[in-house]
Amino acid sequence: MLSVSPREERADALVSRREYVRVEGLGKSFGPHRALDDINFAVRSGEVVAIIGPSGSGKSTLLRCLNQLETQSEGSVTLAGITIDAAKPATRQQLTELRRSAGMVFQSFNLFPHMSVLRNVSLPQERVLGRSRKEADERSRALLSRVGLEAKADQYPNRCSGGQQQRIAIARALALDPKIMLFDEPTSALDPELGLEVLAVMQELAEAGMTMIVVTHEMHFAETVSDRIIIMADGRIIEEGPSAEVMRRPTTERAQRFLNAVKNR
Amino acid sequence: MIDLLDFWRDSVPQLLDGLEVTLRITGVALALGIPLGLALALGVQSPTSSIRYPSLAIVEIGRGAPALILLQFAYFGLPSAGLSLSSFAAASMALAWTTGAYTSEIIRAGLQAVPRGQREAAVAVGMTHIDGLRFVIVPQAMRIAAPALLGFAVLMLQASSLCFAIALPELLSQAYIIGTNTFRYMPILCLAGALYAAICIPASLAVASIERELSRHTA
Ligand SMILES: Nc1ncnc2c1ncn2[C@@H]1O[C@H](COP(=O)(O)OP(=O)(O)O)[C@@H](O)[C@H]1O
Ligand SMILES: [Mg+2]
């Protein structure tokens with residue numbers, strides 16, 4: 001059961017928090033196709049932002065620009081103090097630093113199928129943070145138990161359900177002690193019940209104060225867990241504000257249409 | 001009939017010596033050639049043209065030139081350039097080149113078959129390009145390529161009989177020597193053929209079963 005978080009109080013507290021993400025004038029073109037156009041927003045430490053919008057509106061592209069899986073065509077992204085500007089190429093060191101600070105969870109999990117669950121979570125710690133095997137494994141086991149999967153440590157990912165794989169992917173991202181977590185439709189590939197166990201882990205993370213940007217089709221999650229909602233359409237942000245307000249009283253006609261469409265589904 | 005069996009029995013030790021050389025040269029060609037194939041597969045995908053073009057040249061020559069010509073080039077041609085190799089060294093070099101060129105194509109197909117999300121996951125957790133290849137992409141690609149590589153290894157065992165042209169005392173050469181001394185070419189070639197088959201047929205069966213095993217353990 002999702003509990004209602006005291007979002008109003010949190011919103012006040014958030015104003016004074018540090019900014020973890022700032023996106024300015026962000027644009028992305030694939031050839032002649034404009035996937036993102038003049039995107040601007042900021043996310044403060046501890047904030048949970050849901051990005052919703054129709055398919056093809058640029059949500060994934062935006063998330064992928066944040067950790068530079070995609071390089072933007074215009075504008076800048078600042079994440080955990082590292083600024084990447086379209087005008088000048090990022091250095092390798094900046095990219096490594098940026099990706100360490102941002103944990104990414106994909107729709108298709110993308111666990112490494114040839115490694116045990118434990119290795120999946122430990123390897124990046126060893127290679128990226130330079131932790132010893134022992135340290136890394138300890139941390140991995142702690143995180144696996146946090147997502148309820150300690151017993152799966154020595155299994156291979158293909159022996160786990162989709163929901164379990166996604167929770168392992170979350171543990172793998174958390175293992176690098178990210179400042180912010182990026183989720184790209186983490187439950188879209190899952191049956192509803194399996195999606196719920198992933199959402200429960202995400203809610204627990206949000207309540208523990210993790211800064212999160214979540215691209216999602218789960219309206220209930222967006223409304224109850226996130227502090228703020230961004231609605232995108234055709235590569236632009238068309239609506240943005242506190243979750244309850246955006247859900248109940250969207251100001252633009254396009255946002256109203258989208259929300260009606262998803263609510264009546 | 002008794003006479004034939006006696007002849008075969010007397011010839012077996014010499015043929016087994018030849019078989020040992022055959023297995024050694026095949027082993028060396030694969031041990032050098034497959035890592036070369038991996039390097040070339042990565043090389044032809046490199047965005048750096050000073051790596052890509054030489055890799056492409058090595059692959060195209062290795063696949064374009066018949067193995068027999070590479071063998072003769074290494075054994076007869078290199079001495080005129082001041083590099084004299086024993087027949088074993090020359091054969092190792094030539095067959096490793098052929099192996100590298102052909103397996104680079106097999107491995108390249110394996111690399112391309114690794115889902116794109118794997119690359120992205122490695123990048124997203126902050127691994128370097130090299131680490132991503134080493135721990136994530138190459139191990140999966142090699143697993144995908146393994147059946148075809150093993151199949152190629154069986155072909156290479158047979159192709160090593162070409163070394164008879166540069167007087168490497170492998171299985172076919174030994175059979176040929178016995179034939180020249182006794183003028184009983186047909187029976188000795190049959191026996192040599194049987195020895196090749198005794199290795200290749202079980203090896204092919206093993207490849208098929210490994211293939212089934214591996215297909216069970218991928219994503
Ligand atoms: N690598 C790419 N090459 C070309 N077009 C792309 C690429 N990635 C995304 N697009 C296009 O950009 C638009 C936005 O895509 P995406 O960010 O995936 O949308 P969403 O995640 O909101 O469904 C789509 O029209 C899509 O076809
Ligand atoms: Mg998407």
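Protein chains get the first letters and strands the later ones, always in sequence-line order, with residue 1 at the start of each.
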Between [X] and [Y] (side chain of the first, backbone of the second, donor and acceptor by atom type, cut-off under 3.5 Å), is there such a pair?
X	Y	result
B:Glu20	B:Asp17	no
A:Thr78	A:Val21	no
A:Asn120	A:Ile168	no
B:Ser104	B:Leu40	no
A:Gln68	A:Cys65	yes
B:Asp131	B:Met127	no
A:Ser29	A:Pro32	no

Using non-hydrogen atoms only, which part of [X] is less than 4.5 Å away from chain B: side chain, backbone, both, or neither?
X	answer
A:Ala102	backbone
A:Phe106	side chain
A:Arg119	neither

For B:Phe88, does the six-membered ring have the charged nitrogen or CZ of B:Arg24 within the cation-pi criterion, i.e. under 6.0 angstrom from the centroid and within 45° of the normal?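 Verdict for B:Phe88: a cation-pi partner in B:Arg24.
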Is there any residue in residues 124-132 of chain A with a non-hydrogen atom under 4.5 Å from a non-hydrogen atom of chain B, and which ones are they?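 Hits under 4.5 Å: A:Pro124, A:Arg127, A:Val128.
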Under 4.5 Å from any heavy atom of chain A, what part of B:Arg119 do you find: side chain, backbone, both or neither? neither
Taking A:Leu111, A:Leu95, A:Asn67 one by one, which has the highest count of heavy-atom pairs under 4.5 Å against chain B? A:Leu111
